Structures are given as C-alpha cells and as structure tokens.
Amino acid sequence: MSPQLTILQAGPALSLQDFGRPGYRAEGLTQGGAADPTALYEGAALLGQAPNLAAIEMAGSGGTFRADSDLRIALTGAEMAAKIEGEAIVWNASHTLPAGATLTIGGARNGSYGYLHVGGGFDTAPVMGSRAAHLAGGIGTLLQSGESLPIGPDKGHDTGMKITPIDRFGGGRIRIVASMQTASFDAATLDRFTACAFHRDARANRMGVRLGFEGEGYSTDAALSIVSEVVVPGDIQISGDGAPYVLMYECQTTGGYPRIGSVLPCDLPRVAQAQTGTDLHFEFVGMEEAATLQARHLNELKTLKSRVSPLVRDPARIRDLLSYQLISGAISATSNPFEEGHPT
Amino acid sequence: MTDWPQIRTVGLSGLLVTFAAAMSEPANRAALAFRAAVEEQDWPEVVETSTSLVSTFLAVDLATTPDEAMKERLQALLKSRDWTKELLPAGRTLWHVPTLYGTDLAPQLEEAADVAGLDPDEAIRQLSTSRVRVLTIGFAPGQPYCGELPEAWNIPRQKGLTPSVPACALVVAIRQLIIFTNASPTGWRHIGQTAFRTFRPEAEQPFPLSPGDELIFPAIERAELENIIARDSTGQGGAETEVLK
C-alpha cells in the first residue's frame with residue numbers, strides 16, 4: 001500500500017493540479033493545470049523532483065492534513081499560515097511531516113493560490129495523461145474533507161530547504177502583446193486601458209479573472225460581428241459590460257468577445273496570484289521584447305535550484321533536536337549510500 | 001474578396017488563419033481542409049492544430065519562433081489553392097444518434113417550431129431527417145456545433161437563459177444543433193434529448209466526434225430512450241456509425 005495523505009478538513013477550493021493536458025484543443029478541452037505553474041517548479045526545486053508531479057492547489061485557504069507515514073512536503077505559491085502539530089513552519093520551504101502529525105494550513109496572506117507538494121507527488125490514476133482536475137471541463141472534482149490521496153515513491157531525502165520565490169505577488173505591472181482585436185479598439189480607448197489601475201474583482205476562478213475599474217467600460221464596434229474563434233490563456237476579453245476578463249488555463253477553447261491584448265505567459269502567474277482588490281496595470285510590449293522576457297522567465301525556471309538554500313534555524317528552538325542529522329548534509333545515518341543512484 | 005483569408009497572431013500562443021467574417025459552409029470547409037494540410041506539412045514548430053467555425057489555429061510558441069517566418073509559410077500554403085473549393089478531409093464518420101423530440105424531457109420543441117414557423121410534426125420531420133456536419137467542437141470538451149439546418153431554422157437564441165439543460169440535450173439556434181456535453185445554462189432551445197455522451201474521459205477514445213463528421217438524429221419514442229439509458233453504460237446512447245468515403 002502506498003503512503004497516503006488524508007484531508008481531515010478541506011478548504012473551499014482544493015484541487016489536484018499538475019501542468020494539465022495539452023493537445024486536446026481541437027476536441028474542445030483546454031490545457032488546464034495549475035493556476036500558478038511557477039509554484040509547481042518551485043515545489044519541485046525544493047524537493048528535488050520533477051515539476052509535473054501533482055500537488056494540491058489551495059485557492060484562498062488550505063485545510064488540515066495528516067499522513068500515515070513520514071512525508072517530505074513543500075509549500076509554495078501564496079503564503080498561508082502553516083503549522084505542524086501547532087508549531088509554525090516556514091512557507092516557501094520543505095519540511096518533514098511525521099506520520100500521524102497534523103498539518104494545518106490557513107488563509108492566504110499575499111496571493112490567491114498556495115500549493116502543497118509531497119515527495120513523490122500525489123499518485124492518483126491519471127485521466128488522459130494528467131492528474132489535474134479540470135473543473136470546467138468535467139474532469140475530477142474539488143477535494144473533499146475525509147478524502148485520502150495516494151502518494152508515489154519518493155526518491156529524495158532532503159528537507160529543511162527554503163527557496164526565494166520568483167517575484168509574482170502583490171499585482172503591479174503586467175506585460176501584454178497585441179492580440180486578435182487590439183487594432184479595432186480606437187487609440188483613446190487603448191490609452192485609457194494602459195493608464196487604468198485595474199483591480200482583481202472577487203469574480204475570479206481557474207477559468208478567468210474579472211478586472212474591476214473606475215469609469216467608462218472598454219468597447220469596440222467590432223464586438224458585434226466577431227464569429228466565435230480560438231481563445232487562449234492570457235487573452236484579455238472585453239465582456240458585454242465593457243469589463244476586461246483575463247482568461248486563465250481552464251478557459252474555454254473558443255469565444256466571441258473581442259480581445260484587447262494577451263498577457264505574456266511569464267506574467268500570467270502574477271494575474272493568478274493577485275488578491276481581490278490588488279492593483280494591476282497593463283503595458284503593451286512588442287513581439288520581440290515579449291520573446292526576450294519569456295526566454296528570461298524560462299531561464300529563471302531552469303535555474304531555480306540556485307534559489308534553494310538550507311533553512312537557517314535557531315537550534316534552541318528546535319524541539320526534537322536529537323532527531324536531526326547534524327554532522328553533514330552528505331551522509332545519512334539511515335540510508336545505505338551504496339544504494340543511492342540505483343533505482344529499485 | 002481580397003480581405004480573406006487573414007493571418008493573425010494569438011498572443012504568444014500561435015497563429016490563426018481566418019477564412020471569412022461570418023459562418024458559411026465554404027469557409028468552414030476551408031478551415032477543416034487547411035487544418036488537414038497544415039498537419040500534413042508536419043512543421044516541427046506546430047504543437048497542435050484546431051479549427052473553430054471559419055478559422056484554423058496553429059499552436060506555435062511565438063516566444064521561440066518568430067511569427068513572421070510562420071506567416072510566410074502560411075501565406076505560401078494559402079496561395080497554393082482555393083481552400084473554399086477543397087473537399088472535406090477523408091476518414092470522417094456518419095453518426096445516427098437516436099433522439100426523443102419534445103415531451104417534458106425536451107420541453108422547448110413546440111416553442112422552437114413556432115419560432116421557425118413550422119407545426120411540431122413538420123419540425124420533428126425536418127430535424128430528424130436533416131444531415132448536419134460537425135462545424136466545430138468547443139465551449140465544452142467534445143461538444144459539437146452542427147449545421148447547417150434548413151433556412152427555417154435560422155432562429156435566434158432566446159432572450160433569457162434556461163437555467164439548466166441536462167447533458168446529452170439536443171438544442172437549436174441559428175441553423176445549428178448542439179449536443180450538450182455537461183448540464184449547462186443556455187440561450188439555445190432544448191428540442192430533443194439523446195443519451196449520447198460527447199465526452200467520455202475514462203474511455204480509450206474520450207472524444208467520439210471530430211470536426212467534419214456528420215450526424216442524423218432519428219426520432220425515437222420515450223420508451224426506447226429509457227431502454228437505451230438502462231442498458232448502455234458506454235455513453236454511445238444507441239448511436240450507430242458509418243464510415244464516410
């Protein structure tokens with residue numbers, strides 16, 4: 001029997017996520033997957049494993065969890081108050097969750113989506129090549145209290161590492177490129193759009209984020225004559241009431257609303273993580289600059305290991321000091337070094 | 001017309017080739033044929049392709065592939081022939097999907113017939129014998145937009161939304177039929193009920209329908225629909241298929 005993590009009490013919107021299911025657009029299914037994919041990379045860097053392993057995405061707040069054997073865990077994305085057996089643990093870090101101990105994760109402080117990763121990843125049966133719930137498409141459901149999730153074999157050993165997360169919290173500047181209908185908005189409307197301090201509306205989910213604003217809506221006459229066509233994550237649709245919606249990874253495959261621009265993939269996690277009320281500003285960049293920014297982001301993801309370092313802890317505050325292996329990070333008292341590197 | 005087809009970039013996600021400003025049979029056929037031709041080219045930059053009503057999408061990472069280079073190739077392919085005169089792709093399927101028209105299971109048949117200016121019997125006759133094509137799949141996984149029905153069915157969506165229409169419902173508007181994938185609110189009128197599931201995530205082939213497939217919705221009695229529902233666990237809903245040459 002594989003180890004299991006039981007959700008004693010589920011927050012309002014927990015779901016299992018990985019990078020989703022690319023390749024089904026022609027069949028009407030968008031990729032889906034984590035709202036903030038950067039968090040999956042960070043969790044993987046902390047635990048020293050592949051980024052596409054499934055993690056629990058926690059929108060708004062977490063829940064309480066208990067494992068039936070010792071687990072390595074990592075916490076990334078929006079910071080949430082986390083405790084093991086009542087003792088606060090650091091976010092953006094990896095920890096050991098001892099068998100039977102209760103992990104409590106509270107409400108988000110600086111963003112919208114937190115992630116709970118486990119060593120080995122959650123090992124539910126994949127559906128069409130992915131373990132991600134695609135709620136809009138009818139694949140999987142929100143995780144419920146009382147549910148137990150199987151965990152895959154963990155080949156790693158390290159815990160007690162922290163990561164300096166890629167900056168994407170607290171809203172701010174969002175780079176966009178021109179998209180399908182950008183040219184059909186008049187210059188004054190586009191100027192108003194890039195000058196506006198938008199804020200994330202409470203109406204936001206894994207499909208899209210509605211933006212609130214002061215003043216007149218954003219419209220174009222082209223809105224009346226658009227035949228339904230492809231939409232992609234990042235597209236900023238102007239809905240019937242003139243409000244922009246940024247489409248997220250679980251959006252539909254087609255739509256008939258005009259698109260004023262499209263958010264660069266590297267800035268989409270910043271939109272996902274903006275909290276209700278957080279300000280967002282849009283700035284057009286050309287295709288070449290967009291390519292440069294995106295390449296820089298991919299390079300950041302590739303070099304995340306350089307942002308990982310040991311958690312510095314005050315030994316006086318470590319309750320179970322003697323259970324720690326204090327001599328060296330390279331030698332483990334419990335594992336056979338000759339077995340390392342030989343997959344079993 | 002010199003304005004069409006048009007090539008536009010879709011964010012950094014790819015390129016869209018659009019064949020017309022509005023839905024038409026030749027433009028839909030052009031989009032399907034052009035998609036098949038792009039697939040045949042097997043360009044390594046193209047991650048996936050899809051069609052909507054009158055356009056073909058190529059997923060290309062424009063952060064690593066300059067859009068100008070792709071546009072040139074697409075222009076050359078577009079100029080190679082008149083895509084609105086192309087035949088439909090080979091290997092399509094004709095589906096016969098048993099459908100219960102009207103009754104409390106499909107309560108808007110009479111209303112839709114009235115808007116179309118037909119009596120209910122004539123409406124059922126037309127709907128159950130029309131052969132329609134999957135124009136596009138979208139909105140929900142596997143969900144087909146089928147057309148086009150005779151001109152009488154060029155009826156608008158209703159003004160208000162029906163709060164919920166069940167999965168497998170057959171709905172009509174603007175000369176098109178949809179079989180719903182999931183229970184959903186809609187402005188389209190609910191005229192028939194099938195047991196045909198358009199998305200079967202656990203199946204080896206999760207999406208039974210492909211763009212270009214054709215469908216007929218023969219009329220059945222309520223008892224037969226209930227019988228199909230009772231004995232069918234596959235989602236096929238009693239549908240039969242023929243290969244189109």
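Nothing here was measured: the structure is a model prediction, and the numbers come from that model. Chain naming here is simple, since letters A, B, ... match the order of the sequence lines and numbering starts at 1 in each.
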A.B. asks: In Å, rounded to the nearest 0.5 Å, how long is the span from CZ of A:R259 to CZ of B:R8?
C.D. replies: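 A:R259 atom CZ to B:R8 atom CZ measures 7.5 Å (nearest 0.5 Å).
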
A.B. asks: List the atom of A:A26, the atom of B:S50, and the distance in Å for their closest heavy-atom pair.
C.D. replies: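 In terms of heavy atoms, the two residues are closest at CA-CB, 3.5 Å.
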
A.B. asks: For the pair B:L12 and A:M287, evaluate side-chain contact (heavy atoms from CB on, under 4.5 Å) and give the outcome as yes or no after the intermediate values.
C.D. replies: CA-CA 8 Å; B:L12 292 179; A:M287 292 297 277; 3.8 Å; yes

A.B. asks: Which atoms of B:S210 are under 4.5 Å from chain A, going by heavy atoms: the side chain, the backbone, both sets, or neither?
C.D. replies: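 Neither part.
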
A.B. asks: Identify which part of A:V177 has an atom lying under 4.5 Å from any heavy atom of chain B, answering side chain, backbone, both or neither.
C.D. replies: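 Answer is side chain: those atoms of A:V177 sit under 4.5 Å from chain B.
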
A.B. asks: Taking all heavy atoms of B:L16 and all of A:M180, pick out the closest pair and write down the distance.
C.D. replies: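 Nearest heavy atoms, B:L16 then A:M180: CD2-CE, 3.0 Å.
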
A.B. asks: If you compare all heavy atoms of A:T254 against all heavy atoms of B:F139, which two are closest, and at what distance to 0.1 Å?
C.D. replies: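 Reported closest heavy-atom pair: OG1-N, 3.8 Å.
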
A.B. asks: In terms of heavy-atom proximity below 4.5 Å to chain A, should B:P206 be classed as side chain, backbone, both, or neither?
C.D. replies: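 B:P206 touches chain A through side-chain heavy atoms alone.
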
A.B. asks: Inspect the surroundings of CD in B:Q205 and state if more than 12 heavy atoms from other residues, nucleotides or ligands are less than 6.0 Å away.
C.D. replies: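 Counting neighbours around CD of B:Q205, more than 12 heavy atoms of other residues, nucleotides or ligands fall under 6.0 Å, so yes.
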
A.B. asks: In terms of heavy-atom proximity below 4.5 Å to chain B, should A:A136 be classed as side chain, backbone, both, or neither?
C.D. replies: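 Contact with chain B involves the backbone of A:A136 alone.
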
A.B. asks: Kindly compute the distance separating CG (A:L29) from CZ (B:F207), expressed to the nearest 0.5 Å.
C.D. replies: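 Output value for this atom pair is 5.0 Å.
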
A.B. asks: Mind checking whether B:L209 and A:E27 have side chains closer than 4.5 Å, heavy atoms only?
C.D. replies: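 With C-beta onward as the side chain, the pair stays apart.
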
A.B. asks: Taking OH in A:Y218 as the centre, count heavy atoms belonging to other residues, nucleotides or ligands within less than 6.0 Å. Is the count above 12?
C.D. replies: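 For A:Y218, atom OH is crowded (more than 12 foreign heavy atoms under 6.0 Å).
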
A.B. asks: Given that the side chain runs from C-beta out, which part of B:Y145 has a heavy atom under 4.5 Å from chain A: side chain, backbone, both or neither?
C.D. replies: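 Contact with chain A involves no heavy atom of B:Y145 at all.
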
A.B. asks: Find the one option among A:A291, A:S262, A:C251 whose heavy-atom pairs under 4.5 Å with chain B are most numerous.
C.D. replies: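 Top option by heavy-atom pairs under 4.5 Å: A:A291.
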
A.B. asks: Going from CD on A:Q31 to OG on B:S13, what distance comes out if it is rounded to the nearest 0.5 angstrom?
C.D. replies: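 Reported to 0.5 Å precision, the distance equals 9.5 Å.
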
A.B. asks: Verify the neighbour count for atom CD of B:E25: are there more than 12 heavy atoms of other residues, nucleotides or ligands below 6.0 Å?
C.D. replies: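 Yes - once you tally the heavy atoms of other residues, nucleotides and ligands closer than 6.0 Å, there are more than 12.
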
A.B. asks: Can you tell which part of A:Q294 gets under 4.5 Å to a heavy atom of chain B, answering side chain, backbone, both or neither?
C.D. replies: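 Contact with chain B: side chain only.
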
A.B. asks: Could you give the distance from CD (A:E288) to CG (B:D67), rounded to the nearest 0.5 Å?
C.D. replies: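 Reported to 0.5 Å precision, the distance equals 9.5 Å.
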
A.B. asks: Could you go through A:V127 and B:E202, starting from their C-alpha distance and side-chain angles, then the distance that decides it, and tell me whether this counts as side-chain contact (heavy atoms from CB on, under 4.5 Å)?
C.D. replies: CA-CA 7 Å; A:V127 176; B:E202 310 294 338; 4.1 Å; yes

A.B. asks: Could you report the tightest heavy-atom contact between B:S52 and A:S228, atom names first, then the distance?
C.D. replies: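 The answer is CB-O, 3.8 Å.
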
A.B. asks: For the residue pair B:P141 and A:G137, what are the closest heavy atoms and their distance?
C.D. replies: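 Smallest interatomic distance, heavy atoms only, reads CG-O, 3.3 Å.
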
A.B. asks: Are any side-chain N or O atoms of A:E229 and backbone N or O atoms of B:S55, one a donor and one an acceptor, separated by less than 3.5 Å?
C.D. replies: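 No; judged by distance alone, with no hydrogens or angles, the pair does not exist.
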
A.B. asks: So which of B:V10, B:N182, B:D61 has the biggest tally of heavy-atom pairs under 4.5 Å with chain A?
C.D. replies: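 When all of B:V10, B:N182, B:D61 are compared, B:V10 has the most.
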
